[in-house]
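The model shown is predicted, which means the values in this text are computed figures rather than measured ones. Numbering of residues begins at 1 and proceeds along the displayed sequence. Ligands are counted one by one from 1 in listed order, and the atoms in each one are counted from 1 as well. Just so you know, these numbers use all the heavy atoms, side chains as well, and skip hydrogens, waters and symmetry mates.
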Amino acid sequence: MDIGDGKGAAIQHWLVRQRMGSKNNSKRAVITGITGQDGSYLAELLLAEGYLVHGIVRRSSRTVRPRLDHLTCDDSVYRQRLFLHYADLEDLTTLRRLLVDIQPHEVYHLAGQSHVGVSFEIPESTCDFTAMGTLRLLEVMRDLRPSPRFLHTSSSEIFGHPTVVPQHEETPHVPITPYGAAKSFATNMVRIYREAFELFACNAICFNHESPRRGESFVTRKITQSAARIKLGLQTELPLGNIDAQRDWGYAPDYVRGFFALLQADAPTDCVFATGTLHRVRDWLEIAFGHLDLDWTEYVVFDSRFQRKADPARLVGDAGKARRLLGWQPEKSFEAMVVEMVEHDMAVQRELVRSLPGR
Ligand code: GDP
């Protein structure tokens with residue numbers, strides 16, 4: 001059911017179905033996880049490409065959707081070309097009904113419990129949502145006629161402690177976190193369904209990718225937000241875990257371009273999306289605090305709560321296949337990305353200060 005205001009629901013539903021259905025010649029795409037960082041960028045990209053975009057939203061998820069506000073507040077977009085629907089990956093019946101109604105040309109499966117650290121606290125629900133949720137969706141794909149093109153966002157966490165550096169599509173999976181294990185299962189299922197049932201099903205194996213829309217508990221956003229708050233006198237210290245941890249950090253809008261390109265390819269396959277360069281957490285500190293003329297060593301304190309039980313090492317991707325097959329390559333530099341996030345957080349925090357009582 002389209003998310004509405006409860007008024008004239010039946011008529012609204014009928015109108016929506018008209019627009020959703022085959023009377024409209026535009027291509028239709030479904031995005032699970034549309035309220036997340038990648039989902040919101042992908043929605044923008046697909047709308048710009050002329051698609052009708054249907055986002056799947058968990059009923060339990062927050063009704064505030066800051067990453068989509070600019071689209072849902074635009075009357076020429078929301079319920080005209082962008083539709084949101086309540087459905088759950090645990091509730092196959094609703095999902096199936098929706099997909100049968102929409103008859104999408106493309107399905108982008110981005111939803112999942114995406115926090116690696118949290119997956120140690122809630123391993124069962126991480127696996128149910130991330131692993132089984134993907135399998136349930138593949139089961140629906142199997143029955144849809146015509147069968148839509150399907151993309152699953154996999155993760156570098158499937159490689160865990162890799163024996164091969166850099167990692168590519170054929171690198172063996174050695175996950176070391178519940179999240180990595182769940183993603184590995186889902187990635188294999190996508191490949192198995194592609195081969196066994198001839199689905200156009202692809203894995204986008206993504207290394208870390210960041211942006212101003214990144215969740216605030218990820219170390220990257222935590223650093224850029226804290227730097228801004230410290231600069232404005234709203235915070236005095238920044239507790240962190242291992243600041244020598246290394247990752248291959250790219251820019252989310254670059255990766256979302258890759259997702260779209262992968263589903264336009266001639267044949268279904270898996271592709272790694274990565275920059276191929278490793279950075280340390282302390283590089284984020286240097287650039288983010290440095291950009292604001294701050295010395296990070298005066299503010300960062302070690303906090304064992306943020307130390308992982310297990311943390312992958314040497315996760316760095318080889319995106320050669322994406323480059324050769326799709327002509328894809330990352331455009332934004334590491335430094336430019338960090339600065340963009342700091343600037344964004346400065347603007348957000350300044351606005352917050354302005355809205356404080358007595359200002
Ligand atoms: P992940 O790669 O998906 O786990 O992305 P995160 O941004 O959560 O973590 C990236 C790296 O930063 C990991 O190696 C963490 O161990 C490390 N790290 C160090 N301190 C922190 C912290 O305070 N929060 C988080 N989230 N990660 C931290």
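- When hydrogens are left out, the protein atom nearest atom 3 (O) of ligand 1 is Val116 CG2, 3.5 Å; that is the closest non-hydrogen contact.
- Remark: ligand 1 atoms within the under-4.0 Å shell around heavy atoms of Asn208 are 1 (P), 2 (O), 3 (O), 5 (O).
- Classification of the Trp328-Tyr255 ring pair by plane angle, with boundaries at 30° and 60°, yields perpendicular.
- Annotation: atom 16 (O) of ligand 1 to nearest protein heavy atom, Asp311 OD2, 2.7 Å.
- Close approach of ligand 1 to Gly241 (heavy-atom distance below 4.0 Å) involves ligand atoms 19 (C), 20 (N), 21 (C), 23 (O).
- The shortest contact between atom 7 (O) of ligand 1 and any protein heavy atom is with Val219 N, 2.9 Å.
- Side-chain contact of Arg229 with Gln235: a donor-acceptor pair under 3.5 Å is present, judged by distance alone.
- A cation-pi arrangement is present between Lys222 and Phe306, with the terminal nitrogen or guanidinium carbon under 6.0 Å from the aromatic centre and inside a 45° cone about the axis.
- When non-hydrogen atoms are compared, ligand 1 lies under 4.0 Å from neither the backbone nor the side chain of Ile243.
- At a heavy-atom distance under 4.0 Å, only backbone atoms of Asn242 (N, CA, C or O) approach ligand 1.
- Proximity of Thr94 to Asp88: side-chain heavy atoms (C-beta onward) are nowhere separated by under 4.5 Å.
- Cation-pi geometry between Arg221 and Phe218 is not met at under 6.0 angstrom from the ring centre and within 45 degrees of the axis.
- Of the listed options Lys222, Arg308, Arg247, Lys222 places a heavy atom closest to atom 23 (O) of ligand 1.
- Classified by interplanar angle (parallel below 30°, tilted 30° to 60°, perpendicular above 60°), the ring pair His54/Phe83 is parallel.
- At a 4.0 Å heavy-atom cut-off, ligand 1 touches Val281 through the side chain alone.
- In summary, the atoms of ligand 1 found under 4.0 Å from a heavy atom of Ser217, numbered by their order in the structure, are 25 (C), 26 (N).
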Stepwise salt bridge (Lys or Arg N to Asp or Glu O under 4.0 Å) check, Asp128 with Arg136: CA-CA 10 Å; Asp128 193 38; Arg136 289 185 197 108; 2.9 Å; yes
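- One hydrophobic cluster, built from ILVMFWY side chains closer than 4.5 Å, cannot hold both Ile176 and Val164; they sit in different ones.
- Close approach to Phe218 involves these atoms of ligand 1, each under 4.0 Å from a residue heavy atom: 3 (O), 5 (O), 6 (P), 7 (O), 8 (O).
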